[in-house]
Protein chains: 2
Amino acid sequence: MGEVVPRAERRRRTEGRILDAARSLFAEVGYERATIRAVAGAAGVDPALVMQYFGSKQQLFQQAVSVTPVGGEAPGADEVVEHVLGTLGVKMGRLPESSLAMLRSMLTHPEAAASARRLLGEQIDRVAGSLSGDDARLRAALLTVVMLGVTVGHQLLELEELREVPQEDLARLLRPALRALAGSEHS
Amino acid sequence: MGEVVPRAERRRRTEGRILDAARSLFAEVGYERATIRAVAGAAGVDPALVMQYFGSKQQLFQQAVSVTPVGGEAPGADEVVEHVLGTLGVKMGRLPESSLAMLRSMLTHPEAAASARRLLGEQIDRVAGSLSGDDARLRAALLTVVMLGVTVGHQLLELEELREVPQEDLARLLRPALRALAGSEHS
DNA sequence: TCGTTGAGTCAACACTTGTTGAGCGAATGG
DNA sequence: CCATTCGCTCAACAAGTGTTGACTCAACGA
């Protein structure tokens, strides 16, 4: 009855468990407070094995947060708002844990900050490509950080005013504001 | 020529230097990476003295971030947007370092998170008081986290797209969006 | 069957952290 | 002038960190 699992498969599984535990912990408490021992414990494994598989805590973190450049192609000029709403998990209930892990540490861990800047930069580029006017890039940046703020308040800080609010309500209230930022009319 | 400084004054000065150094370091690298030794070093003082004056790192942090409930009175119904723009340092070039210290650690340090939630909660209350409709509180929360996002992107992450942008430009582009959030028309 | 590989553990290292208690020396006050 | 207070430093502790090397033992290949 003991499952006979080949070695390669077995290795891949434990490596996956470690990575999952790491993502989860990084997302929950951030880089500094997520200790290798805690990750190993959550994965049911010896701390030394984590090192043997990933080399260092830093590399473990990189592997844990490395995924999905998030957004897809550049959206059409009139879908920008919907695209922006889609990013950063306001539409879906929850952001993938790897993204949460990165966002959680972006203010205190240099490497995470670099990743965040790169990710947000790409997002800004995408959005800017769908806007017109010479303020395009600046407006794209504002659209992005606005959504960042909503995400931070909602998923990281878990402000009670935003919890248990159906995502459609958030989207409905945000849409006009985002449209105002995307439009090129000046006051 | 050696300045003769009375003991009480002398104590107050070094205590101030420590507090300044602490604020600065907390704001720059966050709670975890700001070590007591580094604070003491920056203040030109022995680490033990920091403990003797403030009791613990935790209490030092609290003292360092404790100030100004930020916003003033509840704004009039039509000044809400300007009030929101004023908070979180989009109008002024830079937020006070005590606020930066708190914001820097709010995602990774439990106590800072609590402070941030409390501060943002008060801000939300103030704004909600100036809005009408039953979504008032939710819209106030969104207004607040939107500004939080701008502040994080601008002052903490220091996104290049937002740096060196005159504050009036930010305000000008944000105004219509904030107005859309403050207004009660639904789509 | 037997030597080899490699997954996984154990115990320890080197270092940094927050924190403490004894002590020095100058300002204080009578 | 002397005893005392008190700002301040020194040296050390205890705990926790990332990281390492030697070791165990089951799976593997010939």
Side-chain angles (χ1 to χ4, degrees), chain A residues 1-23 25-26 28-65 101 105 108-112, chain B residues 1-23 25-26 28-65 101 105 108-112:
Chain A
M1 38 193 201
E3 288 235 26
V4 182
V5 183
R7 200 134 68 170
E9 173 78 13
R10 193 167 168 75
R11 151 123 196 192
R12 214 173 304 129
R13 286 192 194 174
T14 45
E15 194 167 312
R17 264 177 19 236
I18 295 178
L19 220 48
D20 283 347
R23 264 192 277 267
L25 263 173
F26 281 138
E28 198 177 346
V29 299
Y31 184 87
E32 322 281 347
R33 297 182 118 87
T35 113
I36 292 258
R37 282 173 169 82
V39 170
V45 149
D46 191 276
L49 195 65
V50 179
M51 301 303 297
Q52 192 173 334
Y53 280 3
F54 296 92
S56 73
K57 186 182 179 182
Q58 190 59 238
Q59 297 177 39
L60 172 63
F61 180 75
Q62 287 175 2
Q63 287 255 6
V65 303
S105 301
T108 43
H109 186 53
E111 202 102 14
Chain B
M1 41 190 200
E3 288 237 27
V4 182
V5 183
R7 201 130 71 164
E9 174 78 13
R10 192 166 169 76
R11 150 123 196 190
R12 217 173 302 127
R13 286 191 192 174
T14 44
E15 193 167 314
R17 264 176 20 235
I18 295 178
L19 220 48
D20 284 347
R23 265 191 277 266
L25 263 173
F26 281 139
E28 199 178 346
V29 300
Y31 184 86
E32 320 282 346
R33 299 184 117 85
T35 120
I36 292 254
R37 282 172 169 84
V39 169
V45 147
D46 190 276
L49 195 65
V50 179
M51 302 302 298
Q52 191 172 336
Y53 281 3
F54 296 91
S56 72
K57 185 182 180 182
Q58 191 58 237
Q59 296 178 39
L60 172 63
F61 180 76
Q62 287 174 3
Q63 287 255 6
V65 304
S105 301
T108 44
H109 186 53
E111 203 103 10

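So that the names make sense, note that chain A is the first sequence line, chain B the second, and so on, each numbered from 1. Fair warning: this is a prediction, and the values are worked out from it, not measured in the lab. Values reported hereafter were calculated over all heavy atoms of this structure, with side chains retained and with hydrogens, waters and symmetry mates removed.
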What heavy-atom pair brings B:Ile18 and B:Ala43 nearest, and what distance separates the two atoms? CA-CB, 3.8 Å
Summarise how protein sits on nucleotides 13-19 of chain D as a single string, 5' to 3': B when a protein heavy atom is under 4.0 Å from the base, S for sugar-phosphate-only contact, - for no contact. ----BBB
Here the distance between atom P of D:dC8 and atom CZ of B:Phe54, to the nearest Å, is 12 Å
Chain A contact limits on DNA chain C, taken 5' to 3' with a cut-off of 4.0 angstrom to heavy atoms: C:dT5 to C:dA12
Shortest non-hydrogen separation from A:Val39 to A:Ala21 and the atoms involved: O-CB, 3.8 Å
Starting at atom CG of B:Asp46, determine the distance to atom C1' of D:dC8, rounded to an integer number of angstrom. 7 Å
Any side-chain heavy-atom pair from B:Glu15 and B:Phe54 closer than 4.5 angstrom? yes
Rounded to the Å, how far apart are A:Arg11 CZ and D:dA26 C1'? 16 Å
A:Gln59: what forms a side chain to side chain donor-acceptor pair (under 3.5 Å) with it, not counting sequence neighbours? none
Between B:Phe26 and B:Phe61, what is the ring plane arrangement, given parallel below 30°, perpendicular above 60°, and tilted in between? perpendicular
What nucleic acid atoms does B:Tyr53 come within less than 4.0 Å of, heavy atoms only: base, sugar-phosphate, or nothing? sugar-phosphate
Mind listing the closest non-hydrogen atom pair of A:Val50 and A:Ala40 along with its distance? CG2-CB, 3.9 Å
Using nucleotides 28-30 of chain D, report all nitrogen or oxygen pairs with the protein that are shorter than 3.5 Å.
{"residue": "D:dC28", "atom": "OP1", "partner": "A:Arg7", "partner atom": "N", "Å": "3.1"}

Shortest non-hydrogen pair, B:Ala101 vs B:Val65, comes out as CB-CG1, 3.9 Å
Only counting residues at least two apart or in another chain, list the ones meeting side chain to side chain donor-acceptor pair (under 3.5 Å) with B:Arg37. none
What is the distance, to the nearest angstrom, from the CD atom on A:Gln52 to the P atom on D:dG21? 12 Å
Tell me whether B:Asp20 is salt-bridged to B:Arg23, with the criterion being a basic N under 4.0 Å from an acidic carboxylate O. yes
Residue list, side chain to side chain donor-acceptor pair (under 3.5 Å) with B:Arg10, at least two apart or on another chain: none
State whether the side chain of A:Ser105 and the backbone N or O of A:Tyr31 hold a donor-acceptor pair below 3.5 Å, judged by distance alone. yes
